[in-house]
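To keep things clear, I will list the structure first and then write my remarks on it.
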Amino acid sequence: MHVLIINGSPRIKKFSNTDKILGKFTKGLCENGTTFEQYEVSDKEQWDKMREAYYNNDNVLIALPLYVECIPGLLLEFLETLKPKNDGTKIAFILQSGFAEGIQLRCGEAYLEILARKLGCEYMGTLVKGDNFSIRFFEGEQQDRITEPYTEMGREYSKQGNFRSEDCKKFTGPEVFPAYVRFIVGLMQKTVAKKMFAKVAQNWGCTKAIDYKPYS
Amino acid sequence: MILIVNTTSDNAITGELKRCIDEKTLEAEIVECASLKISHCIGCNYCWLKTPGECSIKDDYEIILKKIIHADQLWVISDTALGFIDHKGKNIFDRILPIATMYLKFKGDQMRHVPRYDQRTDIGIIYSGEVERDYMDRWTERAALNFESRSLGVFSKEQIKEAVSCMC
Ligand SMILES: Cc1cc2nc3c(=O)[nH]c(=O)nc-3n(C[C@H](O)[C@H](O)[C@H](O)COP(=O)(O)O)c2cc1C
């Protein structure tokens, strides 16, 4: 199988969490001889080639970050230029997000099924998982700890050609966190997480408080 | 204040809205995007971690952002594509991130960002074209959750009277 992979993130490849996820996913994908080509929506110079590849491939995988409960505006702009295929092309999605609970991604997931129909492609399912916001802030082993699980999902996809298996469904993790986890995570957000954000901000040359109000 | 952002080039919709608004003597501001330059969000995270509250893209979206933080209602008028609002409509929502902070908390059983301002802005959609209606309703509800506000509903441009009845 040969797969056209589109990274639907508007963030440049170097900093894109989706790209790091795809790095691991494609490692698993290629083990059994599956091949792929990858394009980035963030680079408008690639749009013509990407469109051509879309018409020439019958296995399409779009990996994307959740943007305000649906797909990013820039990805939508690209997709608006495509004509429906209606030729048996199969399309699957990797939907990833910042918030960690599965429930946060369901509205976006529901749209991807509609999108497959609008594009005239057969919907092969969506691999759904959140808790990926911090990938860009890590390197090496710390980053691998977040992204490595996607390798197994790459193997799964190359075997099944879809994301419908129980393992793919389980990959999402909990729909919501139990109350005691919410309590602990809530406390952490008020303490350690605030310090961590302040540190990142400082490294980025931020001179204002994180909750600064420029326009009030 | 009611903020109406027209991302279509059809000002017949805003024309009719203006008449209805005047009739009801509502306080409203209308922004026509046809002559404005509004980019997509590039996901740089600067509005949360480098220049809190400020977008790194210096374009006309700033006009809208400065109004949103004083608006009780935000109505986005949008063309449609692929069963949804089109990218111009969606960009208005993607670029809204500076009104949230990086800080996180649980609201009910789900995590949310801590809002930057006290103002809460309910959102409504007026669309021109074909959409998946049930999905649009669901999406608008979800989007509003992120701003700790409510959905005012989704209306086609033929239902402007109904939309106006939700404006106050
Ligand atoms: C404009 C914008 C909107 C976002 N909306 C959501 C959202 O609704 N829910 C969520 O869980 N994460 C949301 N995120 C977080 C991203 O999905 C997350 O950080 C993702 O890992 C980014 O991947 P990328 O680096 O490949 O773009 C949003 C991020 C941006 C920039």
Side-chain angles (χ1 to χ4, degrees), chain A residues 9-12 15-17 42 65 67-80 82 98-101 103-104 106-108 110-111 114-115 117-119 133 136 176-177 179 182-183 185-186 189-190 193-194 197 200-201 203-216, chain B residues 39-46 48-54 62 65-66 68-70 81-99 101-106 108-119 132 134-135 138-143 145-147:
Chain A
S9 169
R11 191 181 277 170
I12 57 167
F15 297 122
S16 163
N17 295 339
S42 59
Y67 260 43
V68 192
E69 304 290 331
C70 198
I71 75 174
L74 185 65
L75 175 60
L76 193 54
E77 184 176 355
F78 171 74
L79 296 172
E80 283 167 17
L82 303 177
F99 292 136
E101 315 97 305
I103 198 172
Q104 301 267 8
R106 296 302 175 198
C107 179
Y111 179 68
I114 294 171
L115 178 63
R117 189 157 26 88
K118 298 284 172 188
L119 293 173
F133 178 81
R136 73 171 294 187
V176 293
F177 293 127
R182 298 203 297 270
F183 179 74
V185 175
Q189 285 304 332
K190 283 188 194 139
K194 278 197 176 180
F197 296 143
V200 174
N203 288 341
W204 282 16
C206 176
T207 56
K208 302 276 191 328
I210 298 267
D211 53 4
Y212 178 69
K213 299 178 175 62
Y215 303 132
S216 50
Chain B
S39 158
H40 58 272
C41 170
I42 56 168
C44 66
N45 289 147
Y46 282 18
W48 284 349
L49 289 166
K50 189 177 165 108
T51 51
E54 239 179 272
E62 197 176 32
L65 194 58
K66 282 180 172 169
I68 288 175
I69 62 174
H70 300 295
L82 300 164
F84 191 56
I85 51 174
D86 77 347
H87 73 277
K88 290 195 249 96
K90 183 61 170 36
N91 286 341
I92 300 297
F93 290 98
D94 291 355
R95 293 282 304 275
I96 219 166
L97 254 62
I99 72 161
T101 70
M102 180 71 254
Y103 293 150
L104 299 162
K105 63 172 182 189
F106 279 95
D109 60 1
Q110 292 171 46
M111 197 169 253
R112 302 264 80 96
H113 283 278
V114 175
R116 189 176 303 279
Y117 300 96
D118 295 331
Q119 179 75 43
E132 296 277 327
D134 291 347
Y135 182 75
R138 178 177 176 185
W139 178 79
T140 311
E141 301 267 346
R142 279 297 305 186
L145 266 189
N146 283 285
F147 314 123

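Note that the structure is predicted; figures quoted are calculated from it, not measured. Reminder, nothing fancy here: chain letters follow the sequence lines and each chain counts from 1.
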Query raised in the report: Checking B/His113 side chain against B/Leu104 main chain: does a donor-acceptor pair fall under 3.5 Å?
Result: no
Report task. Search all heavy atoms of B/His70 against all heavy atoms of A/Tyr215 and return the closest pair with its distance. Result -> NE2-O, 4.2 Å
Query raised in the report: What is the minimum heavy-atom distance between B/Gly43 and A/Arg136, and which atoms define it?
Result: O-NH1, 3.8 Å
Counting only non-hydrogen atoms closer than 4.5 Å, does [X] touch chain A with its backbone (N, CA, C, O), its side chain (CB onward), both, or neither?
X        : result
B/Asp109 : both
B/Leu65  : side chain
B/Leu97  : side chain
B/Phe106 : side chain

Chain B contact via [X] - which portion, at a heavy-atom distance below 4.5 Å:
X        : value
A/Ile71  : backbone
A/Phe183 : neither
A/Ala193 : neither
A/Leu115 : side chain
A/Ala209 : backbone
A/Gln104 : both
A/Ile114 : side chain

Just so I understand: if I count every heavy-atom pair under 4.5 Å between each of [options] and chain A, which residue has the most?
options                             : answer
B/Glu62, B/Gln119, B/Arg112         : B/Arg112
B/Asp94, B/Ile85, B/Asn91, B/Asn146 : B/Asp94
B/Thr51, B/Asn45, B/Val114          : B/Asn45
B/Leu145, B/Leu49, B/Thr101         : B/Leu49
B/Glu132, B/His40, B/Arg142         : B/Arg142

Requested in this report: Tell me, yes or no, whether the heavy-atom count around B/Asp134 atom CG, taken from other residues, nucleotides or ligands under 6.0 Å, exceeds 12.
Outcome: no
Report task. Taking the six-membered ring for Trp and the single ring otherwise, decide whether the centroids of B/Phe84 and B/Trp139 are under 6.0 Å apart. Result -> yes
Query - B/Trp48 ring center within less than 6.0 Å of B/Tyr103 ring center - result: no
Report task. Take B/Cys44 and A/Phe15, measure what side chain to side chain contact (heavy atoms under 4.5 Å, CB included) needs, and give me the verdict at the end. Result -> CA-CA 9 Å; B/Cys44 66; A/Phe15 297 122; over 6 Å; no
Only pairs of heavy atoms separated by less than 4.5 Å count here; which of [options] has the most with chain B?
options                              : result
A/Ala201, A/Gly186, A/Ser42          : A/Ala201
A/Val176, A/Leu74, A/Ile12, A/Val200 : A/Leu74
A/Thr207, A/Ile103, A/Leu119         : A/Ile103
A/Arg11, A/Glu69, A/Lys118           : A/Glu69
A/Cys206, A/Pro10, A/Cys107          : A/Cys107

Query raised in the report: Under the salt bridge (charged side-chain N to carboxylate O under 4.0 Å, His left out) test, which residues partner B/Arg95, sequence neighbours left out?
Result: B/Asp59
Query raised in the report: Should the pair B/Lys90-B/Asp86 be classified as a salt bridge under the 4.0 Å nitrogen-to-oxygen rule?
Result: no
Requested in this report: May I ask you to check if A/Arg182 and A/Phe177 form a cation-pi contact, with NZ or CZ under 6.0 angstrom from the six-membered ring centre and within 45° of the axis?
Outcome: no
Query raised in the report: For B/Met111 and B/Lys105, what are the C-alpha separation, side-chain angles and deciding distance, and is it a side chain to side chain contact (heavy atoms under 4.5 Å, CB included)?
Result: CA-CA 6 Å; B/Met111 197 169 253; B/Lys105 63 172 182 189; over 6 Å; no
Query raised in the report: Taking only residues two or more places apart in sequence or in another chain, which ones pass side chain to side chain donor-acceptor pair (under 3.5 Å) with A/Ser9?
Result: none
Requested in this report: Using the side chain to side chain contact (heavy atoms under 4.5 Å, CB included) rule, take B/His87 and A/Leu75 through it: C-alpha gap first, then chi angles, then the decisive distance, then the call.
Outcome: CA-CA 8 Å; B/His87 73 277; A/Leu75 175 60; over 6 Å; no
